[in-house]
Amino acid sequence: MTTEIPKSYEPQSIESHWISFWESHGYYNADPSETKPPHVIMIPLPNVTGALHMGHALNGTLQDLITRWRRMQGYSALWMPGTDHAGIATQSMVEKRMLEEEGLTRHDVGREALIQRIWKWKDHYEARILGQLKRLGASCDWRRTRFTLDEVCSQAVRRTFFKMFRDGLIYRGQRLVNWDAFLQTAVADDEVYTEDIDGQFWTFNYPVVDDQGEPTGQRISFSTTRPETMLGDTALCVHPTDERYMALVGKNVRLPLVGRLVPIIADGLLADKELGTGCVKVTPAHDPNDYACGLRNKLPMINILRPDGTINEEGGEFAGLDRLEARKAVVAKMESLGFFEKVEDRKIPMKFSDRSKTPVEPLMSDQWFVKMDDLAQKAIDAVTDGRVKFFPERYQSSYLDWLGEKRDWCISRQLWWGHRIPVWTIHVYPTKTTSPEEISVSDNRQAVAIEGIKQYLQAAGCSTSDVCFEVINEDSFRCCAATKESIEALAALQVYFDSFEWQKVTLGSPITTALNAVPKYEHLTDIAKSTRIDSIKQDPDVLDTWFSSALWPHATLGWPNETSNPPLNGQPDPSGNGKNTVLPYFYPGSVLITSRDIITLWVARMVLAGLYNLNDIPFKHVHIHPKIQDGFGQGMSKTKGNGVDPLELVDRYGCDGTRFTIASFAGETQDVRLPVSYECPHCQNLIPQEQKHLKFSPGKPKIKCPKCKKESQYACPWYTPDEGELVAGIVIERFEFGRNFCNKLWNAARFAMLNLEGYTPAAVAKSELAIEDQWIVSRLATVTNEVTSLLGVYKFDAATRALRDFVWNEFCDWYLELIKSRLRDETTKPVAQRVLVHVLDQILRLLHPFTPFITEELWHRLAEIAPSRGLPEPQPAEAACIIAAWPKVNEADISPPLEQRFTRLQETIGAIRNIRATYGISPGQSIAVHLKCSAEAAADFEALRIQIQNLAKAEIAATGPEVQRPPASASFALVGAEGFVPLEGLIDKAAELAKQTKEAEKLRGFIASTEKKLGNASFVDKAPAEVVAEVRQTLANQKSQLASIEEIIRQLQ
RNA sequence: GGGCGGUUAGCUCAGUUGGUUAGAGCGUCACGCUUACACCGUGAAUGUCGGGGGUUCGAGUCCCUCACCGCCCA
């Protein structure tokens, strides 16, 4: 006999059990198969910056849902897990903590030590993130877990960079970046925030000069909020239609402070006639709008800042001043020269670095770029020709618009945490120090040096095809390396020349040194010495994080390694027998599931990288799911303080309840709102979250319960609550939706199992099925079809609704209620049990992807009682729900006429219940019902006599076409059936009359509008025939209902 | 400034290609501890579908416009 079944579903006690069960049985694993088709989802790799939040929970739930569904459908379903190193985000977290706790900067500890500290951080958070995912039930193939800086991913990064470098797609160029002068690094656009600050708005003028550069006496006025940037001005700009300045366009002005002549240009995109004087100064190297104007008008770009924020030599006498001191000095000098006009206070928007909270300076700097022209076009084509499809479709325009700009991709970052750029700049041995006997080769110093490096690499055991060279000028060239070995060898060479250079400086003359700092390469000292180079330096920058994540879909499958499968659990996987069989089997992937904010940053780049490296798309579908907001319509994020830890919800509502709720709001909608409350730990009262709870305030703020007036600390990202302190936890009432559903399912299954005593599996013929059996089987088939097709187009919300409605409103509310009497009768019990077990089995399968834990638990409990089950022939059930086959529909089970007959029964029962409630008839008191209906309907009613007794607490007194209304009856009129309930002594004639009169009025209203419609000639002419016929039928139904009611009224009077 | 999305019951949201009387969950009200389930059951109330205009026999649904909210790009 089965173990006892608790009265309510208790998720906590079973979740961890099934996680280890699934994992230990290897059900999550996906390997190449000759019999199964592949299904692949690559996880949008979470950053190792911190813990998971609601967005991850949503994202992960949907991926798991699809993965479990496809696994049940018979696919070898791979969900590839992993994490992202997240360049600046992670580095700055570690730096910040180091500064706070130890007072150290990255320059104090040095590059290697900092990187080691970040690895420790990464290990900690990676473990935490993967643990969180596992608790959400994520059925990833954990053996294949990757990290963007691990060896498997690194080899793909090296190979891609090298290919691009060799193909001439990578170049060095200048670009305006957001420079954080405090941290001395560029920060990305999404790491910058804008705030309005109190600033000033100065007006100056510049003297106009003639062709000879002599002042014409004219002055031209302009305004600025950053006067110091006039040191880098390269134009003045007016609007092309501005009459005031038309005559001046094309003339020059002389900058009073640096003496440079700059042109007056017309550019309608920069100058605004209405703003200030209508004229603006243009500093392309220090302002994004000016930069764009500079590009359009081919203006020189003059950088006036050093990395530390002081003015450089371009600033002349102002060189060396900090930019804010320089501002004062510039204003003073302009004033003394008579070019100052006025100044006013004004709120001005200022950009701040999110990392240092200091203002960022737009700054021109040298960066590495990838040429996007051809790469972007191929990625555009992949979407426009339908190889990659977006769900919902509208998001494809973000992708196409962004790629269409084909802006080159800046891939360098001034960081230490990341894939270091594998490029060395090499200076050849200078001509002037070349000894006489070497003059013969000096004409071709580049070729000699390149040859020298090749020989060195060969001696180090590297292939010369693993490096390529690019000439910079006659004294220098670059070398890009493709493999770990060649990178290591070049690094050793750099160590050698660095020490050599150091000795040159300190000892005054070059002496022989050895590669003894890198013992592995010591024997190459002589050949290193003879390379005829003067210095070799690796680029200090690392690659943009998105460069490595762009390769994620193929890097994780082992590309470019063709001779072995990627490792499993860090160990070699020999199953490929000398080939990489994983990559061709699992690439391209099936679907990418992510949120819209990284369509450009990530999705587009994966497509172009996949096409570039493998000449094939990385995935066929891209599903963009909603973003989660708090109750105020704000996106949830750690920085806003409104983030919610999904595991808190899992603890409160159960994992399945949480997942089911999440799935219920994941449709084509753009945003999802989750109003949050705190639960008072003293009295359990709910306190709605207010904006003030989210604002950062120092210390440990408390929340006061309006009901019990007690205070408590509350869950908030700004602080960790004190040990032992009572904390007001997070409550999101919407999640009760899923929790309640799980409990309902649990109890439905509990009921079924309590009523399966004596169950015997056997074939069931269609003729043995009662009307409710046929109905539930028909509905089950319909719902199975619906869910299957909805999941195929990622409409998780609709699929969830379809399943909930079926399980709760049809299976529980009607089917279970209807079979209760049959289950108590030994003769009718066997068939009812067989149908019940079948439907429950199918429900568990359909729900498993949504609610894996409860369905697995029930599956095993059901297996104890009914290991063999199913219609029409029983089959042995699979060993676990996770590997059970997804239900297949027998279309013959679906019968719309039968469903219609059943609807009439439901409506009749509803109408009787309504009468009971209207007259306040106590549940214990039975009533009689006379049903006037067709003979066919009468048969249905008679067949369900006992059930109607149970469901409506009503005795059928008479059925059939001849039934007459008994006196003193409450009545109802449905389409196809009229009912009368004699209520002698109970009925209030006046009330009943009023009720029926109201009903009649309503019907007359409907009839009037229906008749009006049919009376409209153009409706009858123009509307489709079936619509007209439908309306006629409606009118007929309304009229017959009205006739019944009028008869009832007549009898009442 | 350009683009995308939203505005439907007190709250959170559905509403397929335009087609009878606009739905659900939560909340509210009334009744009910009926041996699966009070995380429940039965019944009820609740809407100028953001405003205005248009197309159409017919508009929550299509078009234009205005307002507000959110996001992306510049």
Side-chain angles (χ1 to χ4, degrees), chain A residues 5-9 189-190 269 272 288-289 292 392 394-395 397-398 401-402 405 407 595-601 626-627 629 631-635 653-654 657 661 664-665 667-675 688 732-755 790 795 797-798 800-801 804-805 808-809 812-813 816-817 820 909-910 912-918 920-924 950-953 1002-1003 1005-1007 1009-1010 1012-1024 1026-1028 1030-1035 1037-1038:
Chain A
I5 311 166
K7 274 186 86 169
S8 62
Y9 175 53
D189 289 340
D190 55 3
L269 291 176
D272 180 348
N289 295 322
R394 64 174 185 272
Y395 288 111
S397 64
S398 324
D401 291 351
W402 186 81
E405 290 182 30
R407 283 192 303 160
S595 93
R596 63 181 180 277
D597 39 11
I598 49 177
I599 291 175
T600 54
L601 292 171
K627 295 212 63 170
Q629 304 180 335
F632 312 105
Q634 301 283 311
Y653 302 103
T661 308
S664 79
F665 49 56
E668 302 207 323
T669 152
Q670 183 158 281
D671 303 306
V672 171
R673 230 175 239 230
L674 293 180
I732 302 180
E733 287 179 278
R734 285 189 73 182
F735 282 87
E736 290 174 8
F737 174 79
R739 184 200 59 183
N740 294 355
F741 175 73
C742 289
N743 191 56
K744 189 71 181 176
L745 172 68
W746 180 262
N747 274 289
R750 178 167 185 267
F751 167 80
M753 290 187 278
L754 292 174
N755 283 283
L790 287 168
K795 293 187 179 175
D797 58 342
T800 310
R801 263 198 310 279
R804 184 195 182 277
D805 290 350
W808 199 311
N809 304 120
C812 292
D813 287 352
L816 293 186
E817 294 302 330
K820 275 181 179 173
I909 289 170
I912 301 171
R913 284 169 169 172
N914 179 285
I915 288 175
R916 294 196 69 104
T918 309
I921 300 165
S922 72
N950 290 333
L951 289 173
K953 301 273 175 298
K1002 204 169 96 186
L1003 273 167
F1006 295 158
I1007 289 169
S1009 79
T1010 314
K1012 188 179 161 199
K1013 183 174 257 185
L1014 285 167
N1016 185 337
S1018 50
F1019 170 69
V1020 181
D1021 290 350
K1022 293 181 184 173
E1026 63 270 22
V1027 171
V1028 178
E1030 217 175 301
V1031 175
R1032 289 214 166 95
Q1033 180 59 50
T1034 302
L1035 181 63
N1037 289 343
Q1038 290 168 339

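Note that these values count all heavy atoms, side chains included, but never hydrogens, waters or copies made by symmetry. Each chain gets a letter, A, B and so on, in the order its sequence line appears, and its residues count up from 1.
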As a test of reading the structure: which of [options] is closest to the side chain of [X], going by heavy atoms?
X: A/Gln670; options: B/C4, B/C39, B/A36; value: B/C4
X: A/Phe737; options: B/G70, B/G25, B/C39; value: B/G25
X: A/Arg750; options: B/A36, B/C39, B/G70; value: B/A36
X: A/Leu816; options: B/U12, B/A36, B/C71; value: B/A36
X: A/Arg804; options: B/C37, B/G25, B/A74; value: B/G25
X: A/Arg394; options: B/C71, B/C4, B/G70; value: B/C4
X: A/Asp813; options: B/A36, B/U42, B/U12; value: B/U42

Let's test this: given Watson-Crick or G-U wobble pairing with both distances under 3.5 Å, identify the partner of [N].
N: B/A38; value: none
N: B/A44; value: B/U28
N: B/U55; value: none
N: B/G5; value: B/C69
N: B/G60; value: none

What integer distance in Å separates [X]:[atom1] from [N]:[atom2]?
X: A/Arg673; N: B/C71; atom1: CZ; atom2: P; answer: 11 Å
X: A/Leu754; N: B/U35; atom1: CG; atom2: P; answer: 14 Å
X: A/Leu674; N: B/G70; atom1: CG; atom2: P; answer: 17 Å
X: A/Trp746; N: B/C40; atom1: CH2; atom2: P; answer: 16 Å
X: A/Arg407; N: B/C72; atom1: CZ; atom2: C1'; answer: 13 Å
X: A/Asn809; N: B/C37; atom1: CG; atom2: P; answer: 19 Å
X: A/Glu733; N: B/C39; atom1: CD; atom2: C1'; answer: 13 Å
X: A/Arg1032; N: B/C57; atom1: CZ; atom2: P; answer: 18 Å

Quick one: list whatever passes salt bridge (Lys or Arg N to Asp or Glu O under 4.0 Å) with A/Asp805, sequence neighbours left out.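 Per chain and number, A/Asp805 pairs via salt bridge (Lys or Arg N to Asp or Glu O under 4.0 Å) with no residue.
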Taking only side-chain N and O atoms of [X], does any of them lie within less than 4.0 angstrom of OP1 or OP2 on [N]?
X: A/Trp808; N: B/G41; answer: yes
X: A/Lys820; N: B/A36; answer: yes
X: A/Lys953; N: B/U42; answer: no
X: A/Asn740; N: B/C40; answer: yes

Nearest 0.5 Å please: distance from the CG atom of A/Asp671 over to the OG atom of A/Ser595.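 One gets 10.5 Å once the value is rounded to the nearest 0.5 Å.
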Nearest-nucleotide 5' precedence on RNA chain B, A/Phe665 against A/Ala749: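 That would be A/Phe665.
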RNA chain B: 5'-proximal contact among A/Asp671 and A/Cys812 (nearest heavy atom):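 Nearest nucleotide further toward 5': that of A/Cys812.
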Would you kindly check whether a donor in the side chain of A/Lys7 faces an acceptor in the base of B/C37, or vice versa, at under 3.5 angstrom?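 No such pair is found, so the answer is no.
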Quick one: does A/Glu817 reach the base of B/A36 with a side-chain donor-acceptor pair under 3.5 Å?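 By the distance-only test, yes, there is a pair.
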At 4.0 Å (heavy atoms only), tell me whether [X] reaches a base, stays on the sugar-phosphate, or touches nothing.
X: A/Thr669; answer: sugar-phosphate
X: A/Pro288; answer: nothing
X: A/Cys742; answer: nothing
X: A/Arg916; answer: nothing

Over all atoms of both residues, closest heavy-atom pair of A/Arg734 and A/Val672: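 Looking at all heavy atoms of both residues, the closest pair is NH1-CG1, 3.8 Å.
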Nucleotide N/O to protein N/O under 3.5 Å, stretch nucleotides 43-45 of chain B:
unit_1	atom_1	unit_2	atom_2	d
B/G43	O3'	A/Asn914	ND2	3.4
B/A44	OP1	A/Asn914	ND2	3.1

Could you give the distance separating B/C4 and B/C63 at their P atoms, to the nearest angstrom?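 Each nucleotide's P atom is 11 Å from the other's.
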Gap in Å between the two P atoms, one belonging to B/C26 and one to B/C72, rounded: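 After rounding to an integer number of Å, I get 34 Å for this pair.
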